[in-house]
Q: 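Below you will find the structure I want to go over with you.
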Amino acid sequence: MEKLNSKMAHIEGTHAANRIFYLAVPQEALLDVALPLANSAQTKRGWNRIIIEKPFGFTSLSSQRDTESLLSRFEEKQIYRIDHLLGKDLIENLTVLRFSNLVFEPLWSRTYIRNVQVIFSEETATEIQGRYFGNYGIIRDIVHSHILQTIALFAMEPPVSLDGEDIRDEKVKVLRSIRKVDFEDVVLGQLKDTSSKVDRHTKSMTPTYFAAAMYIDNARWDGVPFLIKTGMGLMKNRAEIRIQFRHVPGNIYRERIGHDIDLDTNELVLRDLPEEAILLKVNNKVPGLGLQLDASELNLLYRDRYDVEVPGSYEHLLLDVLDGDNHLFMRSDELAAAWNVLAPVIHEIDQNRVAPELYEAGDKGPVNAYYLAAKHGVRWDDDW
Ligand SMILES: O=C1O[C@H](COP(=O)(O)O)[C@@H](O)[C@H](O)[C@H]1O
């Protein structure tokens, strides 16, 4: 680190200079790199920021130890825990849509929302063959940061401003309000594969699929199920948030809808994959004589609306680091709160060697996820 410091000082010359250190190192090596760096490689002629790649700890305890050590050498505002999936436009749009349109924010609560679904699935299964995923699994890799941060941004109260700390203050309140997940409301899956590498992980029982029902115990979200499902090696790449609204009370068109009323409540879909779009399902009169209703969608397909190249999510987040905008990066208290949500689930899995349900590559994932959703009054809509 001293050599690194001299080398950088040589490049910087006599100019004022800021430094960003980007650490994509195994979690076990984090402190071995970060602490000497803090001692010997920081510039005194500008600011220093440190980017840390996930996973953010292996257990709640190891994460807490890492955080304490990091905070003994760095200030909180220097630390950027990066999860590139949070750099997707879908995530930023979540708050833009909600807080800059009058038509959404008044509906954003238990009064009008029946359930929320957060879905992230990937076709690829290559990642799970690597050492990292094989050891960490989908809960630490995707749920801990990506899914919980998405829920926090979705469910938070309006922040005082767009300042990173104001947004983080609201996110942490949501994370701290998530009820302890009931293990009955968890489905674990593992990709069935006959190749030797994956077979090794099959024996390790690392989950490659996770579905759960979560509840946020606060005044805004009391009783609203947040259904999450995420997995690798599934039938399609899919990243979306689906918001299903309640039934229209005393709907005078009930008879005209013609089929299952459950299918015909309004639904808002914010989608990143397979392609970026915002969809709103509304009931509409079928053209022609008579009065028959049909569920159609108002469709904002990005590729039709915008002729721009969407920057990669790393580009977005690295620019945020340069700008000192930390709202999409987990603060230490958010990290601890996220561990509090998931640590009991991870503990239960490890303690009782809970066997995941096996599923075929290219399939929809464990059938139990469908029972789980039904138990909470949700039907996964795989087609719309
Ligand atoms: O962070 C992660 O993201 C990738 C997916 O990233 P994308 O940019 O290809 O959408 C995922 O495969 C990996 O498991 C996870 O750690």
Side-chain angles (χ1 to χ4, degrees), residues 22-30 51-58 63 80-94 118-153 188-191 193 195 197-198 200-202 204 206-212 228-241 270-277 302-303 309-321 328-330 334-335 338-339 342 346 356 359 361-363 365:
Y22 175 83
L23 270 57
V25 297
Q27 194 257 321
E28 307 87 298
L30 174 65
I51 303 176
I52 300 172
E53 273 284 354
K54 67 186 171 67
F56 310 123
F58 189 72
S63 173
Y80 289 75
R81 295 183 181 87
I82 197 166
D83 170 356
H84 81 286
L85 295 172
L86 294 170
K88 305 261 186 189
D89 270 333
L90 162 74
I91 300 295
E92 205 74 284
N93 227 350
L94 189 57
V118 181
I119 299 163
F120 182 85
S121 64
E122 287 190 281
E123 287 171 16
T124 172
T126 47
E127 291 260 351
I128 68 171
Q129 299 174 13
R131 187 178 73 89
Y132 159 66
F133 198 94
N135 289 338
Y136 281 79
I138 195 117
I139 304 177
R140 293 178 180 92
D141 183 47
I142 301 285
V143 185
H144 183 249
S145 171
H146 179 57
I147 303 271
L148 290 185
Q149 283 287 305
T150 303
I151 291 178
L153 284 160
L188 302 174
Q190 192 182 64
L191 187 61
D193 205 302
S195 82
K197 274 180 168 174
V198 178
R200 184 161 51 80
H201 296 307
T202 303
S204 84
T206 305
T208 59
Y209 180 101
F210 180 85
I228 65 178
K229 65 171 174 175
T230 177
M232 314 286 276
L234 295 169
M235 68 191 295
K236 59 182 173 190
N237 289 326
R238 195 167 170 213
E240 63 187 22
I241 304 165
L270 310 181
R271 179 175 290 158
D272 177 63
L273 293 171
E275 58 182 341
E276 291 162 311
Y302 277 33
R303 76 171 139 79
E309 195 187 324
V310 179
S313 40
Y314 270 112
E315 286 177 72
H316 173 168
L317 292 178
L318 293 177
L319 184 60
D320 281 355
V321 178
L328 292 173
F329 301 82
M330 244 197 282
E334 289 181 78
L335 178 64
W339 272 112
L342 293 176
I346 292 175
Y359 60 94
D363 214 341

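Because only heavy atoms are used, hydrogens play no part in the values below, and waters and symmetry mates are left out as well, while side chains stay in. Counting starts at 1 for both ligands and their atoms, following the listed order. These numbers were taken from a predicted model, which means no experiment stands behind them.
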Q: What closest approach, in Å, do Asp89 and Glu276 show between heavy atoms, and which atom pair accounts for it?
A: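 Smallest interatomic distance, heavy atoms only, reads CB-OE2, 3.9 Å.
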Q: Flag the pair Leu188 / Ile139 as yes when at least one side-chain heavy-atom distance between them is below 4.5 Å, and no otherwise.
A: yes
Q: Is the His84 ring parallel, tilted or perpendicular to the Tyr314 ring (thresholds 30°, 60°)?
A: parallel
Q: Using a plain distance cutoff, I'd like to know if Thr124 has any nitrogen or oxygen under 3.5 Å from a nitrogen or oxygen of ligand 1.
A: no
Q: Going by heavy-atom distance to atom 1 (O) of ligand 1, choose the closest among Lys54, His146, Met232.
A: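 Nearest heavy atom to atom 1 (O) of ligand 1 lies in Lys54.
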Q: Would you say ligand 1 has an N or O under 3.5 Å from any N or O of Glu122?
A: yes
Q: State which residue, out of Thr150, Ile142, Ile151, Leu148, fulfils the side-chain contact (heavy atoms from CB on, under 4.5 Å) condition with Ile228.
A: Ile151
Q: Evaluate the side-chain contact (heavy atoms from CB on, under 4.5 Å) criterion for residues Asp272 and Ile91: first the C-alpha distance (whole Å), next the side-chain angles of each, then the deciding distance (0.1 Å), finally the verdict.
A: CA-CA 9 Å; Asp272 177 63; Ile91 300 295; over 6 Å; no
Q: I'd like the name of whichever of Leu86, Asp141, Leu85, Ile82 reaches closest to atom 14 (O) of ligand 1 through any heavy atom.
A: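 Comparing heavy atoms across Leu86, Asp141, Leu85, Ile82, the nearest one to atom 14 (O) of ligand 1 lies in Asp141.
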Q: Would you mind running through ligand 1 and noting each atom that sits below 4.0 Å from a heavy atom of Lys88?
A: 10 (O)
